[in-house]
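Written below as structure tokens is the structure these notes are about.
Side-chain atoms are counted along with the backbone in the values below, which use heavy atoms only and exclude waters and symmetry mates. All values reported here derive from a predicted model rather than from experimental measurement. We number each residue from 1, following the sequence as shown.
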Amino acid sequence: MRLFTASLATETNTFAPMPTGLASFKERGYFAAGQHPDEPTLFAGPLWAARQRCREHGWVLHEGMVAAAQPSGPVTRQAHEALRDELLADLRAAMPVDVVVLGLHGAMVAEGCDDCEGDLLERVRALVGPGVVIGAELDPHCHLSERMRAAADLLIAFKEYPHTDAIERGFDLVDLCVAQAQGRIRPVAAVADTGMIALLHTTREPARGFVDRVKALEGRDGVLSISIAHGFPWGDVPDMGTRVLVYVDGDAAVAQRLARQLADELVGLREALGVPYPDIDASIDQALAVAGGPVVMADSADNPGGGAAGDSTFILRRLVERGVRPAALGPLWDPVAVRIASEAGVGARLVLRIGGKVGPMSGDPIDLDCEVRAFQPEMTQAGLSGTRQPMGDCALVAAQGVQIVLCSVRCQAMGTDLFTQLGCDLAAQKVVVVKSSQHFHAAYAPLARAVIYVGAPGSVTQDWRSLPYRRIQRPKWPL
């Protein structure tokens, strides 16, 4: 058995202010063919799983390029075509192969290409021919297109949000693709559209129970795999929306009935799937009303994991103006402030102009009389599924009872160690503000007295009705 694996992944916010170029992929995680480290990374789950299975069974594995970028605006044409062509060249050099397994995202949009994954999968199919099994692992916040489904034999999305199961789904993908290549299964697919936008927070009901029922269906009565594509609401492309993808062994009618049944169940749950997003002051009021701390406030609208800049000051300004203390906030992307803090040195006091640099959705910069508490070069934080996430050079500064983690590499909050490595004691805070939509939850919820999702302004606003969609298919609930 000869396997080929590679990854090309980013999530494109078509409303975000910054383009995604080659430097964005190099910064977040780029490894040339055969250079991926001996540790898992988020969008290389198929590679990690293929390594283990090939060692176990003595199969031949060819590893191609792995490239992933922090979500941002549309990918430049140069970056898209260069990375796509590099991956295809790696595959061409590895042929002949029996199985191709790819780590993708599913919501990558580039200049001149709305469906980068569909484009890539079609090119892979044209290269290897109809007899080779092609599979891809997807983020559930994907635009599940017909091009993608038609070009691949198997598409499997993470089930959990936050995405704590990327490695498990990678093993599912590899095992099913190999089973198909060996003639033990014959997957047939069905897709059902819900006609809506829904994000399934699997940390709460009813999404938790729904996903548990989905998982229980797999492996029974010929059901091979079920994926819920939430969609990515901040991508203005025709395929945006929530869909259900089902693979059944050899029975298209069963697959179609089950996909439609699950899609209809989701439609019935749609009102209950939503999360309340009080505005900034209402969120602070709720936090202050909670006995003890810390209360975790999620700044979803400025989440770099959804394409925002990560430098907005809207919540920070209100914490300072209202005298909320002790409080912590991070990570706030400001390479200039990090540089100045590092030059000043730990223990220094200076006025720093923080944040508000990228555009209107970042708010205005805020000038604070800061003490530099800590500095760490090339810091990483705990990520999802056992991964580590780069943060670049980081500084902890304190002003008026608020401790702020400044980073030089744009990233969202995932691990609590983004604070604790710099000496910020989260247990001692009344309020902890994290720039993240949901991926923070796995690490922060266990220590939080309460979790509040804040309805702040930003490029990843949860008020989808306010977004200037031009290209999505309508009607699309709740629009």
Side-chain angles (χ1 to χ4, degrees), residues 13 16-29 69-73 76 299 301-321 327-381 389-414 417-419 421-424 433-436 456-460:
N13 184 328
M18 298 183 296
T20 305
L22 280 171
S24 298
F25 287 91
K26 302 285 186 180
E27 179 181 68
R28 171 76 180 275
Q70 189 68 251
S72 195
T76 64
D299 186 1
D302 194 38
N303 172 23
D311 73 336
S312 84
T313 57
F314 298 110
I315 297 178
L316 175 60
R317 185 177 298 278
R318 292 303 292 148
L319 292 177
V320 171
E321 290 172 347
L329 181 147
L332 193 149
W333 181 53
D334 195 331
V336 174
V338 171
R339 172 67 182 271
I340 294 171
S342 70
E343 290 287 315
V346 175
R349 295 202 68 92
L350 72 165
V351 175
L352 271 180
R353 175 160 287 187
I354 293 174
K357 293 180 171 62
V358 171
M361 288 297 94
S362 298
D364 295 325
I366 183 169
D367 296 321
L368 295 173
D369 184 2
C370 296
E371 176 193 357
V372 181
R373 294 276 181 90
F375 174 78
Q376 186 168 324
E378 296 301 318
M379 198 169 93
T380 65
Q381 63 169 320
Q389 300 298 314
M391 298 183 67
D393 295 344
C394 293
L396 180 70
V397 299
Q400 299 185 44
V402 182
Q403 298 183 64
I404 307 160
V405 173
L406 303 170
C407 62
S408 61
V409 171
R410 218 171 111 255
C411 59
Q412 67 172 303
M414 291 189 181
D417 58 342
L418 81 88
F419 291 100
Q421 289 178 81
L422 295 166
C424 178
V433 178
V434 291
K435 289 189 178 288
S436 177
S459 301
V460 194

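When each of D367, D311, D334, D364 is tested with R353 by the rule salt bridge (Lys or Arg N to Asp or Glu O under 4.0 Å), just one qualifies, namely D367.
Scanning both residues, A309 and V358, for their nearest heavy atoms gives CB-CG2, 3.7 Å. The two residues D299 and S312 make their nearest non-hydrogen contact at OD2-OG, 3.6 Å. Between Q381 and M414, the shortest heavy-atom contact is OE1-N, 2.9 Å. Of all the heavy atoms in S72 and P19, the pair that sits closest is OG-O, 4.1 Å. Nearest heavy-atom pair across S362 and K357 is CB-N, 4.1 Å. Scanning both residues, A399 and C370, for their nearest heavy atoms gives CB-SG, 4.0 Å.
In this structure, the side chains of C411 and Q70 come closer than 4.5 Å at one or more pairs of heavy atoms. Within the 4.5 Å cutoff, side-chain heavy atoms of V460 are placed close to those of N13. Side chains of P331 and W333 form no contact here, defined as non-hydrogen atoms less than 4.5 Å apart. Using a 4.5 Å heavy-atom threshold, the side chains of Q412 and V434 count as separate. Side-chain contact check for C424 versus Q403: some heavy-atom pair is nearer than 4.5 Å.
A distance of 7.0 Å separates CE of M379 from CG of D417, quoted to the nearest 0.5 Å. Separating the CD1 atom in I354 from the OG1 atom in T313 is a distance of 10.0 Å, to the nearest 0.5 Å. Atom CD1 in I404 sits 10.5 Å away from atom CZ in R373 (nearest 0.5 Å). Atoms CD and OG, from E378 and S408 in turn, are 6.5 Å apart once rounded to the nearest 0.5 Å. With rounding to the nearest 0.5 Å, the separation of CD1 in I366 from CG in L332 is 10.0 Å. Rounding to the nearest 0.5 angstrom, the gap separating the CG atom in D302 from the OG atom in S436 is 11.0 Å.
Judged purely by atom type and a 3.5 angstrom limit, R410 uses its side chain to pair as donor or acceptor with the backbone of A308. A donor-acceptor pair under 3.5 Å is absent between the side-chain atoms of T380 and the main chain of Q389, judged by distance alone. Without hydrogens or angle criteria, R317 side chain to P365 main chain gives a donor-acceptor distance under 3.5 Å.
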Between L422 and C394, does the side-chain contact (heavy atoms from CB on, under 4.5 Å) criterion hold? Intermediate values first, please. CA-CA 8 Å; L422 295 166; C394 293; 4.2 Å; yes
Show your reasoning for whether side-chain contact (heavy atoms from CB on, under 4.5 Å) applies to V433 and L316. CA-CA 9 Å; V433 178; L316 175 60; over 6 Å; no
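For CZ of R349, the number of neighbouring non-hydrogen atoms (other residues, nucleotides, ligands) closer than 6.0 Å is greater than 12.
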